[in-house]
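As a basis for the values below, the full set of heavy atoms in this structure was taken, side chains included, without hydrogen atoms, waters or symmetry mates. No experiment lies behind these values; they were computed from the predicted model shown.
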Amino acid sequence: MGTQYKTVMMKPSDNVAIALMDLPQGTVVPVACEGHVQEVQLVQDIRFGHKFAVKPIAKGAEILKYGEIIGRASSEIGMGEHVHVHNLEGIRGRGDKVESRVQ
């Protein structure tokens, strides 16, 4: 019997999923969300608790996890790539990234 790889993706709009165990490079993992299952081949090792792209993400695009924007892609991110500080720019809590609402 093969290993049952575990991941989580909460919202269909998410473009990343989370590894619920260490996942080896080259593995094809199932990612289920609201009854839909897709398979993603991992480009790198993904450590427990880390994110990986479930679809290509363009440089500058928002990164969505659990239905929330957690940052922007600082470079192109391919499907199955590790998503972390090397290719994700956090924008939460940054006053310089908040648009002015003054009119």
Side-chain angles (χ1 to χ4, degrees):
M1 251 173 91
T3 302
Q4 294 287 335
Y5 294 108
K6 296 181 179 157
T7 65
V8 65
M9 185 172 131
M10 300 297 288
K11 302 286 183 179
S13 60
D14 290 351
N15 51 17
V16 297
I18 312 305
L20 297 180
M21 60 191 301
D22 288 346
L23 303 173
Q25 176 181 351
T27 302
V28 176
V29 296
V31 178
C33 181
E34 295 186 3
H36 175 74
V37 179
Q38 73 178 84
E39 292 186 334
V40 177
Q41 184 167 12
L42 302 176
V43 177
Q44 292 124 351
D45 291 334
I46 309 297
R47 301 291 309 263
F48 168 78
H50 283 241
K51 300 171 289 302
F52 60 93
V54 297
K55 57 183 86 169
I57 304 170
K59 181 178 180 179
E62 295 172 336
I63 296 178
L64 292 119
K65 173 180 149 186
Y66 306 146
E68 298 290 329
I69 299 168
I70 62 166
R72 286 197 178 82
S74 59
S75 62
E76 299 286 323
I77 303 171
M79 184 172 175
E81 283 188 40
H82 185 214
V83 177
H84 201 53
V85 297
H86 67 286
N87 58 9
L88 178 148
E89 175 187 27
I91 57 174
R92 288 183 152 187
R94 287 191 54 179
D96 64 327
K97 296 294 182 181
V98 177
E99 291 182 25
S100 173
R101 304 267 187 226
V102 178
Q103 293 186 5

When every non-hydrogen atom of G78 is compared with those of A53, the smallest separation belongs to O-CB, 3.4 Å
In short, E81 meets I77 closest at the heavy-atom pair CB-CG2, 3.9 Å
Sorted by chain and number, sequence neighbours left out, side-chain contact (heavy atoms from CB on, under 4.5 Å) with K55 holds for N15
Rounding to 0.5 Å, atoms OG (S13) and NZ (K65) come to a distance of 14.0 Å
Contacts of V85 meeting side-chain contact (heavy atoms from CB on, under 4.5 Å) (sequence neighbours excluded), chain-then-number -> none
Separation between CD1 (I63) and OG (S74), nearest 0.5 Å, reads 7.5 Å
Here the gap from K6 atom NZ to Q4 atom CD, rounded to the nearest 0.5 Å, amounts to 7.5 Å
Task: side-chain contact (heavy atoms from CB on, under 4.5 Å) between I70 and K51, intermediate numbers included - done: CA-CA 11 Å; I70 62 166; K51 300 171 289 302; 3.7 Å; yes
In short, salt bridge (charged side-chain N to carboxylate O under 4.0 Å, His left out) pairs touching residues 12-31 with sequence neighbours left out are D22-R47
Residues joined to V28 in its hydrophobic cluster, side chain to side chain under 4.5 Å directly or through other members, sorted by chain and number, are none
Closest heavy-atom pair, R72 versus G60, reported as atoms and distance to 0.1 Å, is CD-O, 3.4 Å
So the salt bridge (charged side-chain N to carboxylate O under 4.0 Å, His left out) pairs with at least one residue in residues 23-37 (sequence neighbours excluded) are none
Contacts of H86 meeting ring-ring contact (aromatic ring centres under 6.0 Å, His included) (sequence neighbours excluded), chain-then-number -> H82
Residues at least two apart in sequence or cross-chain that pass side-chain contact (heavy atoms from CB on, under 4.5 Å) with A58, listed by chain then number, are A61, E76
Closest non-hydrogen contact found for V37 with A32 is CG2-CB, 3.9 Å
Sorted by chain and residue number, the side-chain contact (heavy atoms from CB on, under 4.5 Å) partners of V8 (sequence neighbours excluded) come out as M10, I18, L20, Y66
On a heavy-atom basis, the closest approach of T7 and P30 is OG1-O, 2.9 Å
Using a 4.5 Å side-chain heavy-atom cut-off and chaining through intermediate ILVMFWY residues, the residues clustered with L23 come out as Y5, M9, M21, V29, V31, V40, L42, I46, F52, V54, M79
